[in-house]
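Here's the structure we're looking at; comments come further down.
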Number of protein chains: 2
Amino acid sequence: MKTSEILKESAGDLWNKYTRHEFLQKMKDGSLDINTFRYYLIQDSKYVEIMLKSLLTASNKGPIDKVSNILSIIFETRDKGMEVHSWLLSKIGITHEEISKTGFSVSNYAYTRHLYYYATLGWDYFLASWSPCMWGYYEIGTYVKDSPNELYSKWAEFYASDEYKKRVDAILDALDSIQYREELKIPFIDSVKFEIKFWESALNRVETDIQ
Amino acid sequence: MKTSEILKESAGDLWNKYTRHEFLQKMKDGSLDINTFRYYLIQDSKYVEIMLKSLLTASNKGPIDKVSNILSIIFETRDKGMEVHSWLLSKIGITHEEISKTGFSVSNYAYTRHLYYYATLGWDYFLASWSPCMWGYYEIGTYVKDSPNELYSKWAEFYASDEYKKRVDAILDALDSIQYREELKIPFIDSVKFEIKFWESALNRVETDIQ
């Protein structure tokens with residue numbers, strides 16, 4: 001069995017809680033409150049910044065072929081991602097200034113520093129902590145993309161796209177080149193838990209008081 | 001004005017919320033539920049481990065005289081601290097196995113990775129993020145030490161002790177040798193907020209599902 005499959009299986013029911021969360025069911029049927037999505041999008045923008053920083057921190061600790069493959073695909077497909085992202089921000093009226101002025105929810109702060117922490121420990125740990133986000137969002141995109149709400153369907157179409165799938169394939173290829181070991185489970189499963197908390201924080205629009 | 005004083009002042013009312021929290025008022029009058037304290041002590045033990053790891057991570061980035069002074073005092077007074085800590089663990093029936101099996105609350109996880117994150121960024125940042133814990137606990141020890149509850153008074157006596165004060169003095173001496181700059185406020189104030197969340201998580205005994 002592939003390392004990625006063992007890890008996903010080890011998360012058990014949590015994987016489904018993450019990729020079929022109430023937040024996503026509501027995106028899919030179009031009933032998600034736009035202010036909940038707005039909250040999510042700001043937190044997600046803050047997340048991506050530290051996620052990238054963590055990837056770069058980990059990148060000098062991995063095998064150069066796998067790392068280069070991932071980085072080149074991420075940067076190749078970055079324009080497309082930014083295009084959708086900027087379109088969403090402008091549609092919803094979120095400025096970059098608002099994103100930077102808004103704090104992190106505690107769980108988003110914990111999640112981003114969790115990625116960074118594992119990035120300093122090693123490439124394998126980082127990949128295990130990072131893959132739930134990248135992999136899960138492809139499944140989520142496919143699930144949500146037919147939403148009757150244009151904002152939600154556009155958002156989802158990107159994650160369901162071939163471009164995005166290339167990223168996921170490169171990451172899973174790198175992860176599967178690592179021999180499975182027990183200690184990779186903790187970063188992976190904790191990240192799945194943080195993804196669930198990410199949706200929940202948005203649904204409850206919890207306080208964002210950490211800078 | 002000293003850098004430490006500017007930072008404390010910048011936290012405003014939050015400092016008081018931290019050092020005179022309901023949790024501490026209840027320790028002082030002896031009414032704090034022992035299971036709440038038990039929860040706290042396990043989380044605190046987990047915190048200290050990553051705090052030390054962060055200190056060591058930051059230690060190669062600071063001026064060698066200040067760093068050496070802090071490390072030598074921390075290790076000199078470590079036995080005394082461990083003695084009180086072990087006494088408390090045994091009185092309350094907490095084993096090291098239980099500490100390592102119990103997960104982190106989200107805010108404790110966020111707080112510990114916050115220290116670690118700043119430790120990788122630089123010594124000044126780390127000191128700013130670390131000092132609220134060390135400095136605040138001296139004030140807290142002094143506040144709580146006359147508690148009628150023996151467990152709480154012993155706990156507090158350590159933080160109110162001259163040995164502990166030496167640690168605080170060394171840290172504040174290092175912090176005050178740094179010229180104040182605006183960017184030190186964020187790590188400092190966020191740590192004060194995390195300290196408040198630490199008490200609140202214990203009072204509410206929130207879920208500890210992050211490894």
Side-chain angles (χ1 to χ4, degrees), chain A residues 10-14 17-18 46-47 49-51 53-54 56-58 60-61 100-101 103-121 125 128-129 132 182-198 200-201 204 206-211, chain B residues 10-14 17-18 46-47 49-51 53-54 56-58 60-61 100-101 103-121 125 128-129 132 182-198 200-201 204 206-211:
Chain A
S10 76
D13 193 38
L14 290 170
K17 281 192 180 155
Y18 156 37
K46 300 183 77 71
Y47 170 88
E49 197 185 324
I50 311 290
M51 183 193 81
K53 188 177 177 126
S54 303
L56 297 175
T57 301
N60 70 349
K61 301 176 190 74
S100 99
K101 277 198 175 161
F104 287 83
S105 68
V106 171
S107 58
N108 190 18
Y109 195 83
Y111 189 11
T112 50
R113 272 61 190 177
H114 158 82
L115 291 180
Y116 181 81
Y117 175 75
Y118 281 112
T120 70
L121 295 195
Y125 280 121
S129 70
E182 192 76 11
E183 65 196 32
L184 298 175
K185 260 170 60 176
I186 290 177
F188 187 92
I189 294 176
D190 278 348
S191 287
V192 176
K193 288 177 182 169
F194 280 127
E195 288 290 349
I196 296 168
K197 291 179 200 296
F198 212 98
E200 276 163 12
S201 298
N204 299 314
V206 300
E207 186 180 35
T208 54
D209 64 334
I210 305 296
Q211 284 305 319
Chain B
S10 75
D13 193 38
L14 290 170
K17 282 193 179 154
Y18 155 37
K46 300 183 77 70
Y47 169 88
E49 198 184 323
I50 311 291
M51 182 193 82
K53 189 178 177 124
S54 303
L56 297 174
T57 300
N60 71 349
K61 301 176 190 75
S100 99
K101 276 196 175 161
F104 287 82
S105 69
V106 171
S107 57
N108 190 17
Y109 194 84
Y111 189 10
T112 49
R113 272 62 190 176
H114 159 81
L115 292 180
Y116 182 81
Y117 174 76
Y118 282 112
T120 70
L121 295 196
Y125 280 121
S129 70
E182 193 77 11
E183 64 196 32
L184 298 176
K185 258 170 60 178
I186 289 177
F188 187 91
I189 294 176
D190 278 348
S191 288
V192 176
K193 289 178 180 168
F194 280 128
E195 288 290 348
I196 296 168
K197 291 179 200 295
F198 213 97
E200 275 162 12
S201 298
N204 299 315
V206 302
E207 187 178 36
T208 54
D209 65 334
I210 304 297
Q211 282 306 318

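Heavy atoms only: backbone and side chains are in, while hydrogens, waters and symmetry mates are out. Letters A, B, ... mirror the listed sequences (proteins, then strands); counts begin at 1. These numbers come from a predicted model, not from an experiment.
- For the residue pair B:V106 and A:S107, the shortest heavy atom distance occurs at CG1-CA, 3.7 Å.
- The part of B:F194 that comes within reach of chain A is its side chain, from C-beta onward, which places non-hydrogen atoms under 4.5 angstrom from that chain.
- Separation of atoms OH (A:Y109) and OH (B:Y109) is listed at 13.0 Å; rounding is to 0.5 Å.
- For B:K53, the part sitting under 4.5 Å from any heavy atom of chain A is the side chain, from C-beta outward, and nothing else.
- Shown here is B:K61, whose NZ atom has more than 12 heavy atoms of other residues, nucleotides or ligands within 6.0 Å.
- Of the atoms belonging to A:N108, not a single heavy atom falls under 4.5 Å from chain B.
- Using a 4.5 Å cut-off between heavy atoms, B:I210 touches chain A through backbone and side chain atoms alike.
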Salt bridge (charged side-chain N to carboxylate O under 4.0 Å, His left out), that's the test. Do B:K193 and A:E207 meet it? Break it down for me. CA-CA 12 Å; B:K193 289 178 180 168; A:E207 186 180 35; over 6 Å; no

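- The line from CD1 of A:I189 to CD of B:Q211 is 9.0 Å long, rounded to the nearest 0.5 Å.
- Within the 4.5 Å cutoff, the side chain of B:Y116 has no heavy atoms near those of the A:R113 side chain.
- Residue A:L115: no heavy atom, backbone or side chain, is found under 4.5 Å from chain B.
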